[in-house]
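Okay, so here's the structure we're looking at.
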Amino acid sequence: MADNPYLAHLPPSQRGAVHSSSSSSSEKEPLFGFLPRKVKGEQVRKALDHQLNPFTKQPHSAQYRKILETRRALPVFSQMDDFLELFSKNQIIVMVGETGSGKTTQIPQFVTYSDLPHTKGKLVACTQPRRVAAMSVAQRVADEMDVQLGKQVGYSIRFEDMTESGTTFLKYMTDGMLLREAMSDTELSRYSTIILDEAHERTLATDILMGLLKTLAKRRKDLKIIVMSATLDAVKFQSYFSLHDSAAGEEPSPAPLFKVPGRTHPVEVFYTQEPEPDYVEAAIRTVLMIHRAEDPGDILVFLTGEEEIEDACRKIKIEADDLLNADPSSVGPLICVPLYSSLPPQQQQRIFDAAPKPSQAGYPPGRKVVVSTNIAETSLTIDGIVYVVDPGFSKQKVYNPRIRVESLLVSPISKASAQQRAGRAGRTRPGKCFRLYTEKDFISELEEQTHPEILRSNLANAVLELAKLGIKDLVRFDYLDAPAPETLMRALELLNYLAALNDEGELTALGGVMAEFPLDPQLAKMLIVSPEFKVSNEILTITAMLSIPNVWLRPPNQRAAADQAKAMLTVPEGDHLTLLNVFNNYSQSTYKDERNWAWNNFLSARALAQAENVRAQLLRTMEKYDVDVISLEDERKRNIGIRQALTCGFFMQVAHKEGEKGSYLTVKDNQVVALHPSCGLDTQPEWVLFNEFVLTKRPYIRTVTEVKPEWLLEYAPVYFDLASFPDGETKRVLQRVANRRRGTSNGGEEPRPKKKLKK
DNA sequence: GAGCACTGC
């Protein structure tokens, strides 16, 4: 038995157990003869058919055998031998599997059988861009492997670690979670194989992980990596992960590709003859055309946002009712369901409702129309969709590093996105996709791929993470797509002003702690310094409230009541203090009926519950890094302390009032901005600090608090170094303040021009 | 006198 290689890889404490069970015959040991990473398909199939579960040593259940039959029908299942051979021979594999191939559930299991992570005390990880996916896939795989979720198979997402240390060997997790783990263990030493799933989505976290894993693979020859993606991107991933031994003078050879066909139904694609001037109107017209003329089957329409969707739903409903009333014997009833993320979960569930029944026996069946944002393109799948209407637009985030602003723009989608949308029509049977643009435009105008997030975002957070990951030269990091140098410079500049990076671009001790918080750098900085102002308890709450979506509800038919409720909670010194007040009132109300309190005050109970969760998580991190949680008794002093702490994080987001008309200029950038109408300040203070710059109909600053110019000079002396300050009214005012602080009239500077402020 | 594509830590 000693030469049983399976035993050789078991820790000594476990050898006895296997020994006794396998001593009589190999029949009792499902993994008998398995050599890690040399396992063949035939062996795995035998183990799958074995009466004992190799991981629990329990007999397989009836449910297991039933599921196994459905697994055998998956396209990826029939290619198990090829996969295992490729896995045995290579460190990095790129895998392409179209929808319905079964890759997300099966590949990690194949890897587990080959890798035998449990024999080495390691794990196989499979990353997902979204939490729900990580949770639901883990549950499915636990069922397939006939184990309890959270034991051998688990998942790890923010706020929930469903794994058991020492037991779990296959873990589904969000990409962000693996990135966090990498910050404390840059070797990712717990893992034997890492599978990046949905890599084609190119989330910021996946992109950074790819860069990290590419270099890590050179140091850790025992680590295997599988990058799983949709078809179009495979070549790019293959060449990025090409193996080359430059010392041997070899030509780089692309990483091997493993390809599995999908299992979907054909979708017929139609284009318009001419471009459509109004895509919303065209989409409505197309829906009604399908409803009148096409066979039964539900319709999915892609639009760009909440307002557009609600509007389209209303119009479709009116028109469809007219059709039904005019001729109930030839047109069926229609229901129209909106879908977007800010919709309460209960209403989101309506997309799974069945289509309405015929209005009378023998009359045409009803039809369901789902009008959705991009959420139905990736995050949610609706079975029974036969028709897709694709106007070709979506709202996309763009980042302008020059003015440091992220904004949302309605933009044409990519070919990849259009293909994904069309595919939504063929999940249950052959379908049709109506593209509301010409074939010529599809071919020549649409980009191949949507720009990856790393090219469209503010990278302050990512750069801090990379620094924490030990990446020395952030500009020359091996990105799959390198961000614009200006975006990186902006991030480095911000982190340097926040003292997270020193002048050499190295991570400071403060920066190291900042990176530990799942927050934007400004928020992390403010939270960490807040004990100096004895208000960290309050800043903790404000930070949590700023990390969640908008809490204020404003139903269209109850605007006045909502505004009145908001006024009751408003603190005139600033919106940040208002947020604090809201949360405190909410927590005090929890012993009663919190949902009711939130509801009565036109606040989102869901968002407030989220804030509570975030607050608890941040509190744990504070405790871990000895950031004291303290508070001031005196309300006046406390509010000043809070505003001072805010200044320490957000001194780069300050605006100065120009004239009396209520127009503000952002400091240094000199952008003309206005206070957002949601702002609760009762006056227009000379200096304000803002959480957000939003570019909608006009440039607005949102979530605003009054600050004192003395604080800017005192808490951010480097940023407010007047010698390097752009000339203008703001500088002159600051200069006066500086002079006053020094107790001199003009502190040795040139005499300032005696210019009177007009108006 | 406005808005909130979608994720993630």
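Keep in mind that this is a model prediction, so the values were computed, not measured. Per chain, numbering begins at 1; letters A, B, ... match sequence-line order.
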Establish, with yes or no, whether the OP1 or OP2 oxygen of B:dC6 is under 4.0 angstrom from a side-chain nitrogen or oxygen of A:Thr373. yes
Can you figure out which of B:dA2, B:dA5, B:dC9 approaches the side chain of A:Pro677 most closely? B:dA2
Parallel, tilted or perpendicular: which one describes the rings of A:Tyr586 and A:Phe583, with boundaries at 30° and 60°? tilted
Does either side chain, that of A:Gln396 or that of A:Ser394, offer a donor lying less than 3.5 Å from an acceptor on the other one? yes
Could you check which of B:dA2, B:dC6, B:dA5 has an atom nearest any side-chain atom of A:Asp563? B:dA2
Ignoring backbone atoms, test whether A:Ser341 places a side-chain nitrogen or oxygen under 4.0 Å from the OP1 or OP2 oxygen of B:dC6. yes
Distance check: side-chain N/O of A:Thr174 vs OP1/OP2 of B:dC9, anything under 4.0 Å? yes
Checking contacts here: which listed nucleotide (B:dA5, B:dG8, B:dG1) is nearest the side-chain heavy atoms of A:Arg554? B:dG1
So, is A:Arg202 near the phosphate of B:dC6, with a side-chain N or O under 4.0 Å from OP1 or OP2? no
From the list B:dT7, B:dA2, B:dA5, which nucleotide is the closest neighbour of the side chain of A:Lys395? B:dA5
State, yes or no, whether a side-chain contact exists between A:Glu306 and A:Ser342 at a heavy-atom distance under 4.5 Å. yes
5′-ward residue of the pair A:Glu306/A:Asn461 relative to DNA chain B: A:Glu306
What contact category does A:Lys697 fall into here, base, sugar-phosphate, or nothing, at under 4.0 angstrom with non-hydrogen atoms? sugar-phosphate
Could you list the residues that satisfy side-chain hydrogen bond (donor to acceptor under 3.5 Å, both in side chains) with A:Glu308, not counting sequence neighbours? A:Tyr279, A:Thr304
Rounded interatomic separation in angstrom, taking CD from A:Glu307 and P from B:dA2: 12 Å
Residues in side-chain hydrogen bond (donor to acceptor under 3.5 Å, both in side chains) contact with A:Asp520, at least two apart in sequence or another chain: A:Asn461
Would you mind classifying the nucleic acid contact of A:Asn550 as base, sugar-phosphate or nothing, using non-hydrogen atoms under 4.0 angstrom? base
Pair A:Lys397 + A:Glu453: basic N to acidic O under 4.0 Å: yes
Does any residue of residues 411-423 of chain A have a heavy atom under 4.0 Å from DNA chain B, and if so, which ones, in number order? none
Donor-acceptor contact below 3.5 Å, side chain A:Lys468 vs main chain A:Gly512: yes
Any base atoms under 4.0 Å from A:Leu204, or only sugar-phosphate, or nothing? Heavy atoms, all strands. nothing
Taking B:dC9, B:dC6, B:dG1 as options, the one with an atom nearest any side-chain atom of A:Tyr340 is B:dC6
Let me spell it out: for each of A:Leu339 and A:Phe517, pick the nucleotide of DNA chain B with the closest heavy atom. Which residue's pick is nearer the 5' end? A:Leu339
Under 4.0 Å between a side-chain N/O of A:Arg698 and OP1 or OP2 of B:dG1, yes or no? no
With heavy atoms under 4.0 Å as the rule, sort A:Arg130 into base, sugar-phosphate or nothing. sugar-phosphate
Side chain of A:Ser379 (C-beta onward), nearest among B:dA2, B:dC6, B:dA5: B:dC6
Students often get this wrong, so: under 4.0 angstrom with heavy atoms, is A:Ile375 touching a base, only sugar-phosphate, or nothing? sugar-phosphate
A:His576 and A:Phe650 aromatic ring geometry - parallel, tilted or perpendicular at 30°/60° bounds: tilted
